[in-house]
Amino acid sequence: MATWKVAPALAAGCAAILKPSELASATCLELGEVCREVDLPAGVLNILPGLGPEAGASLASHPHVDKISFTGSTVTAVKIMTAAAQRVKPVTLELGGKGPIVVFEDVDIDKAVEWTIFGCFYTNGQICSATSRLIVHESIAAEFLDRLVKWSENIKISDPLEEGCKLGPIVSRGQYEKVMNFISNAKSEGATILYGGNRPKHLKKGFFVEPTIITDVTTSMQIWREEVFGPVLCVKTFTTEEEAIELANDTHYGLGGAVVSKDRERCDRVSKLLQNGAVWVNCSQPCFCQAPFGGTKWSGFGRELGEWGLESYLSVKQVTEYVSDEQWGWYQPPKQ
């Protein structure tokens, strides 16, 4: 994520200050060491670890910071936009998400199930583009959910440094407790925990959460409306394409979305109607550095990656030169 911002900024000729998350600073500091090893001039890239209210807020309001690119929560983004507005600074924001994955009745069930769990449980669900709302056609829902549980049971949960690990821990105690509260609130609101929802029995230490599947969800529930940022998938069924699109767009967010069907024309129709900055067809989460990435609605604005990511660090300037030997001739010249 850091290189998504640093690489185009440097390529555009900017000096940059990278403020990493206080929960994940080590790799960004290592990036600074790499830049030193390749003789990037001192001062071109600066790594500034620290807490958001201190380091982040100071950068957002600093008069010598000309542009801000932020990845994080919508709540923090509002504060950054407010600070930037005082000095009319441009901002690029890549924020939260509550992405849909729409699965039609004509799919290969196991292929669609694997993309569904990858779209939500990849990186332990800690990814803003996660397709964490499964919208599945009611005619295949029972079979699909049965296979979904069986695939989820087969996920290896362990220390991420162990061979074959597919689900590791949540990043912090605070986030772990937040995820568990989401699951608890879903139950109290009347939803069903079809699978998971607890700490894995074989792991007594660490902030581990089982991959969790929640059914009997209504569109007014917290679990449907708010980003969890953990391995939690909520499920609704649909009968018509129109209903599926309405459910998919029933969110304040608009980062990633997915549609799964063997009907290419239907995939094309649905892709155009999904209110997301990135749409995956018959997959979820593949990301390529050549393609633009960003959101709509509460998921932010601006694009990263590809030529679009480079353009956000450039400013277009017009330079006009008058080359005629003739007088401009607009005004009456004075008498000699």
Identify the heavy atoms of [X] and [Y] that sit nearest to each other, and give their distance.
X	Y	value
S152	I117	OG-CG2, 3.9 Å
I213	V235	CG2-CG2, 4.0 Å
D216	M221	O-CE, 3.6 Å
L305	C287	CD1-SG, 3.8 Å
A130	Q285	CA-NE2, 3.6 Å
N249	K297	O-NZ, 3.5 Å

So [Y] and [X], do their side chains get closer than 4.5 Å, heavy atoms only?
X	Y	value
P63	R87	yes
I193	T215	no
V259	S271	yes
V179	F207	no
L48	L59	yes
C128	E94	yes
D66	K89	no
S312	K67	yes

>> Among P200, P231, P169, which residue satisfies the side-chain contact (heavy atoms from CB on, under 4.5 Å) criterion with V209?
In response: P231
>> If you apply the rule side-chain contact (heavy atoms from CB on, under 4.5 Å), what do you find for E33 with L29, and how did you get there?
In response: CA-CA 7 Å; E33 289 299 323; L29 292 169; over 6 Å; no
> Could you go step by step and tell me if Y253 and T74 meet the side-chain contact (heavy atoms from CB on, under 4.5 Å) rule?
Replying inline: CA-CA 10 Å; Y253 295 103; T74 303; 3.7 Å; yes
Under a 3.5 Å threshold, yes or no: a donor from one side chain and an acceptor from the other, between [X] and [Y]?
X	Y	answer
T116	E114	no
K5	S69	yes
T192	K187	no
E304	T92	no

Taking NZ, NE, NH1 and NH2 as the nitrogens, is one of them in [X] or [Y] under 4.0 Å from a carboxylate oxygen of the other?
X	Y	answer
D146	K150	yes
R266	D106	yes
D250	R133	no
D110	R147	yes
R269	E241	yes
K156	E162	yes

Expected output: side-chain [X] to main-chain [Y] donor-acceptor under 3.5 Å:
X	Y	answer
K236	V136	no
E189	Q222	yes
T212	V232	no
K166	I157	no
E243	T239	yes
N185	I223	no
R264	D268	no
T76	S73	no
D263	E265	yes
Q86	T82	yes

>> Does V217 form a side-chain contact (heavy atoms from CB on, under 4.5 Å) with I214? I'd like the steps, not just the answer.
In response: CA-CA 7 Å; V217 173; I214 302 179; 3.8 Å; yes
>> Using 30° and 60° as the class boundaries, would you call the ring planes of W280 and F293 parallel, tilted or perpendicular?
In response: tilted
> Angle class for the H62/H64 ring planes (parallel below 30°, perpendicular above 60°, tilted otherwise)?
Replying inline: tilted
> Between V113 and W115, is there a shared hydrophobic cluster once you connect ILVMFWY residues whose side-chain heavy atoms come closer than 4.5 Å?
Replying inline: no
> Ring centroid separation for F104 and F238, is it under 6.0 angstrom?
Replying inline: yes
